[in-house]
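Working notes, structure below.
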Amino acid sequence: MKAGKIVVENLYKVFGNKPQEAIAKSKQGWSKEKVLAETGAVIGVSDVSFSVEEGEIFVLMGLSGSGKSTLIRLINRLIEPSGGDVFIDGHNVAKMSNAELISLRRRDMSMVFQSFALMPSRTVLDNAAFGLEVAGIGRKEREKRAMEVLKEVGLETFAQMHPHELSGGMQQRVGLARALAVDPSMMIMDEAFSALDPLKRREMQDLLLELQKVHRRTIIFVSHDIEEAMRIGNRIAIMEGGKLVQVGTPQELVDNPANDYVRNFFDTVDTNRYLTAGQLMANSVPIFVHNGVAPDAQVVSQKLQELDKHYAFIVDENNRFYGSISLEKIALLVEGGQSCKLDQSVVKQITPVPEDMPLDKVIARLVDNEGPIPVVGGNGQYSGAISKGRLLTRMQGE
Amino acid sequence: MSDKKLDLGSWVNDGVQHLLDNYSDGFDSIGGLVSSFSEGIEAILMLPPAWLLIAIFVGLGLWRIGARFAAFTAVSFILIVLTGFWEQTVVTLGLTFSATLISLLLGIPLGIWAAKSERVATTIRPILDFMQTMPAFVYLIPAAMLFGLGRVPGIIATVIFAMPPAVRLTNLGIRQVNKEIIEAGQSFGCSKTQLLVKVQLPSAMPSIMAGVNQTIMMALSMVIIASMVGAGGLGNDVLASIQRLDIGLGFESGMAVVLLAIILDRITESFGTKQSEKRGTLISWVSAKLQRQ
Ligand SMILES: Nc1ncnc2c1ncn2[C@@H]1O[C@H](COP(=O)(O)OP(=O)(O)OP(=O)(O)O)[C@@H](O)[C@H]1O
Ligand SMILES: [Mg+2]
């Protein structure tokens with residue numbers, strides 16, 4: 001078994017005669033252009049390897065003609081590979097019999113198209129039920145299921161209309177419903193939202209993310225819109241001339257672009273917008289532990305002065321956020337010189353922000369709060385702090 | 001004529017003679033089949049009284065096109081009845097339908113095959129060109145030789161003349177289906193047959209219906225000419241008017257042909273237009289049937 005839901009290894013696709021010769025030349029380091037000039041063969045995809053994890057949205061990006069559409073069609077074998085392997089759940093797609101391939105397409109993997117590709121003579125309902133119908137599901141059952149997904153995409157009232165009676169955005173909802181109806185564990189989306197205007201596109205992205213929260217499907221999404229890629233992609237892969245140039249999380253690509261081609265993609269975007277609390281936080285606030293006994297004000301005060309800090313965070317013995325306190329507040333408390341414990345009654349309660357909170361929300365929280373705000377990981381444990389100063393330096397650094 | 005360098009004509013004569021000598025049983029049985037088929041169709045058309053048949057056409061016109069066309073249909077048919085050409089018109093209609101149905105039965109599958117196979121497509125293209133451009137009544141000669149006189153050679157010559165558009169437009173329609181729609185069919189796990197029946201044919205339906213329309217129109221024009229071999233119907237009157245130089249008869253029978261042509265054309269054409277209209281179309285009906293099987 002291979003690790004990863006979808007594993008692609010040394011995949012090649014050559015259009016034209018003598019693909020093996022073209023692959024050999026390409027392995028010798030010939031460029032796509034040179035191979036075309038000398039052999040007449042077009043290299044669509046060249047030596048591509050990557051792995052997509054279960055439940056991940058994996059975005060493929062690249063200029064026109066870089067081989068994105070070809071690559072994803074090699075994965076469900078709408079196009080026969082010229083070389084290399086594709087493993088889905090450990091099974092080699094290139095070696096599947098026709099029957100196995102059909103069963104994979106009917107049950108596990110569906111596709112959404114740029115031009116929507118709805119059948120014009122079918123109603124919205126019959127379009128949504130198409131995959132189930134092909135799989136031989138009875139009429140009642142498939143219409144019930146199709147109606148459910150139409151509800152999910154908000155089109156149940158349009159079930160009896162024909163595609164040409166709907167707007168582009170609605171048509172693509174039907175395309176999405178058709179793909180969802182078979183309840184696949186994987187979806188392939190080829191520029192699924194590219195034909196929509198920016199507002200509709202955003203709406204569809206939100207819908208996809210919303211659906212993804214519930215089902216967590218493995219999605220390969222082709223896009224040429226970097227903002228879209230950063231919004232929905234867990235990871236982004238950049239293609240150039242049939243080759244994979246770089247794969248990584250959006251932040252990794254922004255921080256360490258492999259070359260100018262990759263960097264150019266991010267030139268036009270305000271990448272700061274995609275920063276999250278997890279990326280903004282630091283260990284800039286001293287931590288004190290309340291392990292049944294609250295920390296002593298004197299001790300904290302002394303430590304803060306030593307470190308030249310104005311705020312302290314207190315966590316409990318399970319590393320959960322307990323409260324925040326400022327140096328001024330402690331100074332007031334210990335004015336008389338008597339000792340004092342920093343417990344519930346004196347510390348400031350702040351609701352921590354999750355690591356995946358986007359920048360704009362983080363800013364809103366910082367504006368509402370006087371001091372730094374705590375950040376917690378998915379497990380609820382304290383993981384860092386964001387102060388106004390920290391935020392500004394982080395954004396400046398980009 | 002005997003000083004020709006290349007006597008293609010005599011080869012053809014020999015070829016037809018050869019067919020006649022060796023395969024006359026085969027032609028007889030084909031002829032028998034065509035004959036009983038067309039007689040069946042004609043009997044069905046003769047079954048209802050004239051007013052009922054007219055009412056059916058008027059109803060079709062009303063449903064497919066509108067009140068004005070329905071009125072036109074009614075007036076046309078009444079005119080035909082009053083001028084005394086009703087019976088011949090029904091015979092012509094029967095011949096046209098028979099030839100059209102046979103053309104479609106052969107032509108649509110052939111068109112599908114041509115769409116699937118480049119070899120078939122390149123092979124049949126010149127044959128179709130030949131079939132369509134050869135002066136129509138030339139077919140009548142071998143047809144009459146092989147099948148004798150009467151309706152059978154008429155229908156067979158008509159089938160040869162009228163089939164090409166059905167083949168061509170079926171082929172074209174299937175080939176023109178949007179590539180992503182085909183991919184959608186495949187990506188949801190269609191088998192080859194499912195792809196054809198559920199995706200390609202329904203999407204190609206407007207083009208196929210245009211082919212049906214052309215086939216009917218060509219069949220109608222050819223069955224008139226086929227009266228030369230005794231196919232019967234309105235063609236007989238047209239022929240008689242030429243032989244007798246009877247301009248009045250020529251006008252009356254010719255007008256019946258024209259009116260019939262207009263009515264058939266408009267009605268079949270309406271089935272090929274997009275299903276945007278609220279009235280259900282034949283396309284959506286046929287494709288719904290195909291999909292629901
Ligand atoms: N059927 C084909 N025959 C020949 N060459 C092809 C074929 N399909 C694709 N190609 C070539 O393969 C290369 C990759 O094409 P592909 O459609 O995968 O690019 P893409 O990244 O999806 O581009 P776009 O953003 O324009 O959709 C291009 O050079 C294209 O010309
Ligand atoms: Mg593409």
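Note that the structure is a prediction, hence the values are computed from the model and not measured.
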For A/Phe113, is it the side chain, the backbone, both, or neither that has a heavy atom closer than 4.5 Å to a heavy atom of chain B?
both
Using the ring of each side chain (for Trp, its six-membered ring), is A/Phe58 parallel, tilted or perpendicular to A/Phe50, with breaks at 30° and 60°?
parallel
Measure the spacing between OG1 of B/Thr170 and CG of B/Leu110 and express it to the nearest 0.5 Å.
9.0 Å
Select one option (side chain, backbone, both, neither) describing which atoms of A/Arg77 are under 4.5 Å from chain B's heavy atoms.
neither
Max heavy-atom pair count under 4.5 Å with chain B, selected residue of A/Ser110, A/Ser115, A/Gly131, A/Ala99:
A/Ser115
What part of A/Leu101 is in contact with chain B, defined as an atom under 4.5 angstrom from a non-hydrogen atom: side chain, backbone, both or neither?
neither
To the nearest 0.5 Å, how far apart are CD1 in B/Ile208 and CZ in B/Phe271?
15.5 Å
Where do B/Thr215 and B/Ser103 come nearest, in terms of heavy atoms and distance?
CG2-CB, 3.8 Å
Euclidean distance, B/Ile216 CD1 relative to B/Leu264 CG, rounded to 0.5 Å:
6.0 Å
Using heavy-atom distances under 4.5 Å, tell me whether B/Glu183 contacts chain A through its side chain, its backbone, both, or neither.
both
